[in-house]
Novice: 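Right, I'll just put the structure down here and ask away after.
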Amino acid sequence: MTKLLIIDDDPDVLLAARLLLKRHFGQVDIEKNPERLPFLITNGQYDAVLLDMNFTGSRSTGSRLIGSGVTRDTNSGHEGFHWLDQVLDIDPALVVVLFTAYGDVDMAVRAIKAGATDFVLKPWENDKLVATLIGAVNGGGKGREGGKGGEGDPRSSPFSPSSLSSPFSLSSPSSFICSPLSPMRQILDTIEQVAPTDANVLILGENGTGKDLVAREIHRQSARQKGPFVAVDLGSLTESLFESELFGHVKGAFTDARDDRAGRFEEARGGTIFLDEIGNITGAQQARLLSVLQQRTVTRVGSNRAIHVDVRLVCATNAAIHERVQSQNGPTLRFRQDLLYRINTIELSLPPLRDRPNDLPLLATHFLQQYSQQHNRTITGIGPALLAQWQQYPWPGNVRELQHTIERAVILFRAGAGRGTLLEADDWARAGKPASSLTPVQEIQLEDMEKQLIQKALQQHNGNITDVARALGLSRQALYRRMEKYGL
């Protein structure tokens, strides 16, 4: 059983790191006070230590540290090197990974030369931190010969600065890239607790906040992960297709039913079914869905035989579903309270990007790296002026809007003499800056009028997409495009 010890004086960092790493290590212990390191290393038989380099606050032995030539401050890293020496004096073969928010290439090189196995920057990227620790343990660990810095010791191998310049894994779901104090941390913690159960989950959040990604993560961490994950966009199903698509049909049930066909619930047996936009289905559709959830059986259209379905239910909506339960505008405009009770055993409310200001630079860096590679552009970073503008912009389309904005900016990036390799404010303007700061007054007024008209129609029809599209004379797809454009 691989044992990991994490040392950091920030309790939030300790909690976030432990929640992440306990899925990958047999035992994860945490400690705020580095003074206990000698005792823990001597008695704990750890395979690896994740050690912070900077500690704050007063301690009883602070004078001894200062007397030993160690200056205690928040960014020098002196304490980290001091405790690294202490650890390796006790166990020269122990894997030690240092991490800090104030690192640079010189400090990383110095850490490797001092005997650290690797060096990670805060805020870390989840996949990269896990991979670094697992790689460090598998590549070294107990039984290595030679002391720190000795010939043949993996800890004395040259350090590659690429581990600093590429802190984000392109395979990570974008909505899960967040700082240690992000409101998304509580969501990830809840997912970890809920996923192994079969509890029904309702995911609430604005367009573009990552509801689909959360649903897939719940499935990935569940006991059903080897079963199918079936996603259904309920908003795109017409009244006539609703039952056939979800519950299936038999041959001859209607004109085009040439063969028996299983519905989405049957396809998801043994796995997870994800019902997106559940807040926009009609009262009749709600009644049919409620019956299936109560009985855990489906009956194909044109058949009388009930088929048992064993599925995990995850639903999502951007609608104010609790307000719709209280609505008094008639049964077709309301959401049934008994159905809500069925689907929201656990409820997750995803924060909009405007409430995640510390996450925006991390997300922007992730997308910049992803699309620079994908579109073969040499862009090394984001200019401070542009980043400041992005942090002031409300991002009504949330993470999805940020992602599309950066991809457009990368594609249209113009490298040239004197421009450098940073993404700047003019690249944002060229890629399509928000109307409020780029377009002529007349265009702003026209777009504002269109947005207000859609908002009024949504209110009048209580968010029923089919009725709204019909009232505005638009197709559902055209309405969805406009809603995404205006962040509705």
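Since we're looking at a predicted model, the values are computed, not measured.
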Novice: Do the charged groups of Asp310 and Arg224 touch, with an N to O distance under 4.0 Å?
Specialist: yes
Novice: Taking the side chain as everything from C-beta on, heavy atoms only, tell me whether Thr297 gets closer than 4.5 Å to Ile307.
Specialist: no
Novice: What are the two closest non-hydrogen atoms of Pro38 and Glu35, and how far apart are they?
Specialist: CD-O, 3.4 Å
Novice: Are any non-hydrogen side-chain atoms of Phe274 and Ile218 less than 4.5 angstrom apart?
Specialist: no
Novice: Carefully, step by step, assess Lys32 and Asp52 under the rule side chain to side chain contact (heavy atoms under 4.5 Å, CB included).
Specialist: CA-CA 10 Å; Lys32 289 177 57 178; Asp52 188 26; over 6 Å; no
Novice: If we count only N and O atoms by modelled type, under 3.5 Å, do the side chains of Glu217 and Gln221 hold a donor and an acceptor together?
Specialist: yes
Novice: Test your reading of the model: is there a side-chain donor-acceptor pair from Asn318 to the backbone of Asn207, 3.5 Å cut-off?
Specialist: no
Novice: Check whether any side-chain N or O of Arg220 sits under 3.5 Å from a backbone N or O of Gln225 as a donor-acceptor pair, and report yes or no.
Specialist: no
Novice: Kindly compute the distance separating CG (Leu368) from CD (Gln403), expressed to the nearest 0.5 Å.
Specialist: 12.5 Å
Novice: For the atom pair CD1 (Ile273) and CG (Leu313), what is the distance rounded to the nearest 0.5 Å?
Specialist: 7.5 Å
Novice: Asp29: what forms a salt bridge (charged side-chain N to carboxylate O under 4.0 Å, His left out) with it, not counting sequence neighbours?
Specialist: none
Novice: Taking the side chain as every heavy atom from C-beta outward, state whether Ile187 and Met184 have any atom pair closer than 4.5 Å.
Specialist: yes
Novice: Measuring only between side-chain heavy atoms, which start at C-beta, is Glu407 closer than 4.5 Å to Phe367?
Specialist: no
Novice: Can you check whether Arg312's main-chain N or O pairs, donor with acceptor, with Asp198's side chain at less than 3.5 Å?
Specialist: no
Novice: Measure the spacing between SG of Cys315 and CG of Leu293 and express it to the nearest 0.5 Å.
Specialist: 7.0 Å
Novice: Calculate, to the nearest 0.5 Å, the distance between atoms CZ and CG belonging to Phe99 and Leu50 respectively.
Specialist: 4.0 Å
Novice: Could you walk me through whether Ile6 and Val13 pass side chain to side chain contact (heavy atoms under 4.5 Å, CB included), step by step?
Specialist: CA-CA 10 Å; Ile6 307 173; Val13 170; over 6 Å; no
Novice: Given 3.5 Å as the limit, does a donor-acceptor pair link the side chain of His219 with the main chain of Val230, or not?
Specialist: no
Novice: Determine the minimum heavy-atom distance between Arg264 and Ala231, stating which atoms define it.
Specialist: NH1-O, 3.0 Å
Novice: Tell me the closest heavy-atom pair linking Gly383 and Glu424, and the distance in Å.
Specialist: CA-OE1, 3.6 Å
Novice: Donor-acceptor pair, Asp10 side chain versus Asp12 backbone, under 3.5 Å?
Specialist: yes
Novice: Just by distance, with hydrogens left out, do Asp118 and Thr132 show a side-chain donor and acceptor under 3.5 Å apart?
Specialist: no
Novice: I'd like to know if Glu245 pairs up with Arg261 as an ion pair, taking the criterion as any Lys NZ or Arg NE/NH1/NH2 lying under 4.0 Å from an Asp or Glu carboxylate oxygen.
Specialist: yes
Novice: If the condition is salt bridge (charged side-chain N to carboxylate O under 4.0 Å, His left out), which residues does Arg36 pass it with, not counting sequence neighbours?
Specialist: Glu31
Novice: Search all heavy atoms of Ile278 against all heavy atoms of Leu202 and return the closest pair with its distance.
Specialist: CG2-CD1, 4.4 Å
Novice: Flag the pair Phe25 / Leu133 as yes when at least one side-chain heavy-atom distance between them is below 4.5 Å, and no otherwise.
Specialist: yes
Novice: Which heavy atom in Ala215 sits nearest to a heavy atom in Val314, and how many Å separate them?
Specialist: CB-CG1, 3.9 Å
Novice: Step by step, work out the side chain to side chain contact (heavy atoms under 4.5 Å, CB included) result for Leu363 and Arg356.
Specialist: CA-CA 10 Å; Leu363 288 162; Arg356 301 171 55 185; 4.0 Å; yes
Novice: Please report, to 0.1 Å, the donor-acceptor pairs under 3.5 Å made by any side chain of residues 188-196, with sequence neighbours excluded.
Specialist:
residue	atom	partner	partner atom	Å
Thr190	OG1	Gln186	O	2.9

Novice: Check whether any side-chain heavy atom of Leu289 sits under 4.5 Å from a side-chain heavy atom of Phe265, and report yes or no.
Specialist: yes
Novice: Run the side chain to side chain contact (heavy atoms under 4.5 Å, CB included) test on Trp83 and Val49 for me, step by step, so that the C-alpha distance in whole Å, both residues' side-chain angles and the decisive distance to 0.1 Å come before the verdict.
Specialist: CA-CA 11 Å; Trp83 291 115; Val49 175; over 6 Å; no
Novice: To the nearest 0.5 angstrom, please state how far the CG atom of Leu353 sits from the CG atom of Asp359.
Specialist: 8.0 Å
Novice: Just by distance, do the side chain of Arg400 and the backbone of Gly210 share a donor-acceptor pair under 3.5 Å?
Specialist: no
Novice: Under 4.5 Å between any side-chain heavy atoms of Leu5 and Ile41, yes or no?
Specialist: yes
Novice: Donor-acceptor check, side chain of Lys211 to backbone of Glu206, threshold 3.5 angstrom: yes or no?
Specialist: yes
Novice: In Å and rounded to the nearest 0.5 Å, what is the NE2 to CG distance from His322 to Leu340?
Specialist: 5.0 Å
Novice: For Val28 versus Lys22, what's the shortest heavy-atom pair and its separation?
Specialist: CG2-CA, 3.7 Å
Novice: Is there side-chain contact between Leu4 and Asp47, with heavy atoms separated by less than 4.5 Å?
Specialist: no
Novice: Around atom CG of Asn376, are there more than 12 heavy atoms of other residues, nucleotides or ligands at under 6.0 Å?
Specialist: no
Novice: What's the verdict on salt bridge (Lys or Arg N to Asp or Glu O under 4.0 Å) for Arg342 and Asp338, showing C-alpha distance, side-chain angles and the deciding distance?
Specialist: CA-CA 6 Å; Arg342 283 283 176 182; Asp338 48 359; over 6 Å; no
Novice: Between the main-chain N or O of Trp395 and the side-chain N or O of Trp390, is there a donor-acceptor pair closer than 3.5 Å?
Specialist: no
Novice: Do we see a donor-acceptor contact under 3.5 Å between the side chains of Gln27 and Tyr46?
Specialist: no
